[in-house]
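Structure, as structure tokens:
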Amino acid sequence: MLELLVSISIMSLIMVLIYGAFFQISNYSIQVKNTLQGKQELRLLMRIVLDDLQSVQFLEQFTTFNNPSETVYQTGIISKRDTRNDYGENSSIHFHAAIPTRFFPEYLPKDPQLHEVGYFLQLEPETGAWSFKRREDFYIDDNLTEGGREHELSRKIIEFQLEFLEKRLALADGSIKEQWVNEWNSKEDSKQSCRPPSIKESKADPCLPVALKLSMALKDEQNQVFRETLEINLLEALQR
């Protein structure tokens, strides 16, 4: 009887260890899966934003639908740090992009493939949640920051910040000094032609920055926070 009790105790201990290890491995696998999903979702959203920005256009002059006899010069990029949540200041950005519509297939048959595009964080008063949205206007008008239709991309984004490379200077010691700014407003109501800077100069004109840095953060259902920063060069867009 004593030997039987000892055997049962040992088996119970072994089973406890096995179950503990199983649940630990299972929880770790779930955590790894959630981490991969969170990072993948963040990178996908950032890729959507950057793909649009790589198609940015500066329109020297254009005629609006409402006033066909008038020439308008408000265009390029308008970006501000104008939204604050619990995680700090966030950017909004509005620009012209030469792209087909992304989220409104009903417009494809008559899509001009030159749109006003905007990205921003917006507080939803009904739920108190922050929504990351993309705005798309299919008709060019004299207001780059309003109009069109909005599409909610995510309710997990907690940070959306942009920086713009204004100029890149070569110093006497051979090093490079970069001047970044948090806001950008392409010259409005300007009749000055936008000439792209040469790569050698690496200096922005009044229309578009040399480069752009995008930083975003996502918070998933398990309260894990993922952050990433990506940078793109806009010289190619300037030279189109």
Side-chain angles (χ1 to χ4, degrees), residues 27-57 77-108 111 113-124 127-138 145 148-165 180 182 184 208-209 211-237 240:
N27 290 335
Y28 179 74
S29 299
I30 293 172
Q31 184 178 357
V32 170
K33 182 180 179 181
N34 291 335
T35 299
L36 292 174
Q37 288 178 342
K39 290 182 177 180
Q40 184 177 16
E41 182 176 352
L42 177 60
R43 288 170 183 167
L44 175 62
L45 291 170
M46 295 181 75
R47 191 71 265 163
I48 291 174
V49 177
L50 293 177
D51 282 349
D52 283 347
L53 282 164
Q54 285 178 320
S55 300
V56 66
Q57 298 288 305
I77 291 177
I78 298 177
S79 179
K80 299 179 181 180
R81 293 283 179 98
D82 55 3
T83 305
R84 174 174 286 276
N85 60 9
D86 294 338
Y87 301 90
E89 288 186 336
N90 293 285
S91 301
S92 65
I93 186 169
H94 306 272
F95 55 96
H96 284 126
I99 52 170
T101 181
R102 284 184 180 271
F103 301 104
F104 304 103
E106 62 271 22
Y107 284 91
L108 281 174
D111 185 6
Q113 297 195 13
L114 180 61
H115 304 153
E116 292 178 3
V117 177
Y119 287 95
F120 50 90
L121 276 170
Q122 185 177 73
L123 181 63
E124 301 296 337
T127 62
W130 286 91
S131 175
F132 182 53
K133 291 188 173 182
R134 180 183 187 273
R135 179 186 67 89
E136 190 168 7
D137 194 346
F138 304 91
T145 63
R149 297 176 61 181
E150 296 178 358
H151 180 82
E152 184 179 86
L153 295 175
S154 176
R155 292 198 175 188
K156 300 178 184 178
I157 296 299
I158 57 175
E159 293 178 13
F160 176 68
Q161 299 175 346
L162 291 155
E163 295 180 73
F164 304 91
L165 180 57
W180 290 84
N182 291 335
W184 191 272
L208 296 174
L212 180 147
K213 190 182 297 180
L214 170 64
S215 300
M216 292 179 64
L218 179 146
K219 186 176 182 180
D220 67 7
E221 292 84 354
Q222 288 73 40
N223 291 323
Q224 295 185 98
V225 176
F226 308 100
R227 287 182 170 87
E228 191 157 344
T229 299
L230 295 174
E231 181 180 330
I232 59 171
N233 193 318
L234 291 182
L235 280 177
E236 293 182 2
R240 283 197 293 267

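Source: prediction; values computed, not measured.
Counting only distance, with no hydrogens or angles, the side chain of N223 and the backbone of E221 share no donor-acceptor pair below 3.5 Å.
The closest side-chain heavy-atom distance from E163 to E231 is not below 4.5 Å. H96 places a side-chain heavy atom less than 4.5 Å from the side chain of E116. L123 has its side chain out of reach of N85: every pair of non-hydrogen atoms, C-beta onward, lies at least 4.5 Å apart. Using a 4.5 Å cut-off on side-chain heavy atoms (C-beta onward), F95 and L208 make no contact. Residues Y119 and L162 form no side-chain contact, since every pair of their non-hydrogen atoms from C-beta on lies 4.5 Å or further apart. Side-chain contact between T127 and R155 is present, with heavy atoms from C-beta onward closer than 4.5 Å. Within the 4.5 Å cutoff, no side-chain heavy atoms of W184 are placed close to those of L212.
One finds the CZ atom of F226 at 11.5 Å from the CD atom of Q40 (value rounded to the nearest 0.5 Å). Taken from CD in Q57 to CG in L114, the straight-line distance is 7.0 Å, to the nearest 0.5 Å. Here the CG atom belonging to L42 is positioned 15.0 Å from the NZ atom belonging to K219, to the nearest 0.5 angstrom. Between the CG atom in L230 and the CG atom in L53 there is a gap of 11.5 Å [rounded to 0.5 Å]. In this structure, CG on L218 lies 4.5 Å from CD1 on I157, to the nearest 0.5 angstrom. For the atom pair CZ (F103) and CG (L153), the distance works out to 5.0 Å, reported to the nearest 0.5 Å.
When all heavy atoms of S79 and S92 are compared, the pair lying nearest together is OG-O, 2.9 Å. Taking all atoms of both residues into account, the shortest heavy-atom contact from I99 to H115 is O-CE1, 3.2 Å. Across P100 and Q113, no two heavy atoms sit closer than the pair CA-CG, 4.0 Å. Residues L214 and M216 share a closest heavy-atom pair of CD1-CG, 3.8 Å. Heavy atoms only, all atoms of each residue included: D82 and S91 are closest at OD1-C, 4.2 Å.
Residue F160 is tested with Y87, W130, F132 for a ring pair (Phe, Tyr, Trp, His ring centres under 6.0 Å); the sole match is F132. Partner of V117 under the side-chain contact (heavy atoms from CB on, under 4.5 Å) criterion, out of R135, R134, H94, R102: R134 alone. The salt bridge (charged side-chain N to carboxylate O under 4.0 Å, His left out) test with E228 singles out one residue from R43, K213, K39, and that residue is R43.
Between E159 and R227, at least one side-chain N (NZ, or NE/NH1/NH2) sits under 4.0 Å from a carboxylate O, which counts as a salt bridge. With respect to the salt-bridge test (charged N to carboxylate O, under 4.0 angstrom), the residues K133 and E152 do not qualify.
Within 6.0 Å of NZ on K80 lie no more than 12 heavy atoms contributed by other residues, nucleotides or ligands.
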